Amino acid sequence: MGKVAREIAKLDVDKLIQMLNEALAEEWYAFYQYWVGARVMEGPMRSEVESELLVHANQELNHAVMVADRIVKLGGIPILNPNKWSEFAKCKYEEPNDPYIEAILNQNLSGERCAIKRYEEIAEFTNGKDFSTYQMAITILDEEIEHENDIEDWLTDIDRMREDLKKLKL
Ligand code: FE
Ligand code: FE
Ligand code: MG
């Protein structure tokens with residue numbers, strides 16, 4: 001971290017680096033949750049949702065890039081060993097044992113809700129104190145909110161489809 005950068009940071013930089021490394025581990029989990037979930041998924045709307053899940057996966061990877069770059073700029077070291085991800089991540093990875101589309105989407109949904117809380121926390125911690133990290137947190141937060149919204153919409157549509165099919169059988 002540069003001289004002026006250190007002087008202007010009005011917060012506990014070590015604590016911030018710890019939070020960012022936790023977020024970094026969570027982004028890798030989110031990436032893989034989407035990436036592998038999209039591949040094993042079965043059920044209605046599969047072909048439509050699959051490509052969108054892979055778009056989300058790439059966005060999670062980009063979040064990991066942003067967070068890791070920020071850790072380095074703050075003078076920290078991004079987690080160097082993937083074995084450490086489980087120690088750092090507060091948002092847990094959920095093995096997609098059930099390939100049904102709703103089960104996959106619900107796993108991604110709980111990941112997104114956890115990510116929203118994570119970036120709220122980082123934004124609150126840095127607000128008015130470290131503008132660069134604050135700006136990054138808000139940028140990522142906006143995308144996590146969009147992800148949550150996308151998934152809720154797909155789940156609503158699948159539910160609606162099921163209700164419509166029930167009515168047809170009457
Ligand atoms: Fe993310
Ligand atoms: Fe996300
Ligand atoms: Mg989307």
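Remember, predicted model here, so these are calculated numbers, not experimental data. We count ligands from 1, going down the list as the structure has it; atoms in each ligand are counted the same way. This chain uses plain numbering: 1 for the first residue, then up along the sequence.
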Return the name of the atom in His147, of element N, O or S, nearest to the Fe ion (ligand 2).
-> ND1

Within one Ile-Leu-Val-Met-Phe-Trp-Tyr cluster: Tyr93 and Ile151, side-chain cutoff 4.5 Å = no

Determine which of the N, O or S atoms in Glu144 is closest to the Fe ion (ligand 2) and give its atom name.
-> OE1

Output yes when a side-chain donor or acceptor of Glu42 lies under 3.5 Å from a complementary backbone atom of Ile101, and no otherwise.
-> no

Starting from the Fe ion (ligand 1), look over the N/O/S atoms of Glu60 and name the nearest one.
-> OE1

Would you say the ring centroid of His56 lies under 6.0 angstrom from that of Trp154?
-> yes

May I ask whether Ile145 and Tyr134 are part of the same hydrophobic cluster, defined by side-chain heavy atoms of I, L, V, M, F, W, Y residues being less than 4.5 angstrom apart, directly or through others?
-> yes

Give a yes or no on whether Ile116 and Tyr34 share a hydrophobic cluster (residues Ile, Leu, Val, Met, Phe, Trp, Tyr; joining criterion: side-chain heavy atoms under 4.5 Å apart).
-> no

Using a cut-off of strictly less than 2.8 Å, determine whether Glu112 has an N/O/S atom near the Fe ion (ligand 2).
-> yes

How wide is the angle at the Mg ion (ligand 3) between NE2 of His56 and OD2 of Asp150, to the nearest 10°?
-> 90°

Angular separation of Glu27 OE2 and His63 ND1 about the Fe ion (ligand 1), given to 10° = 90°

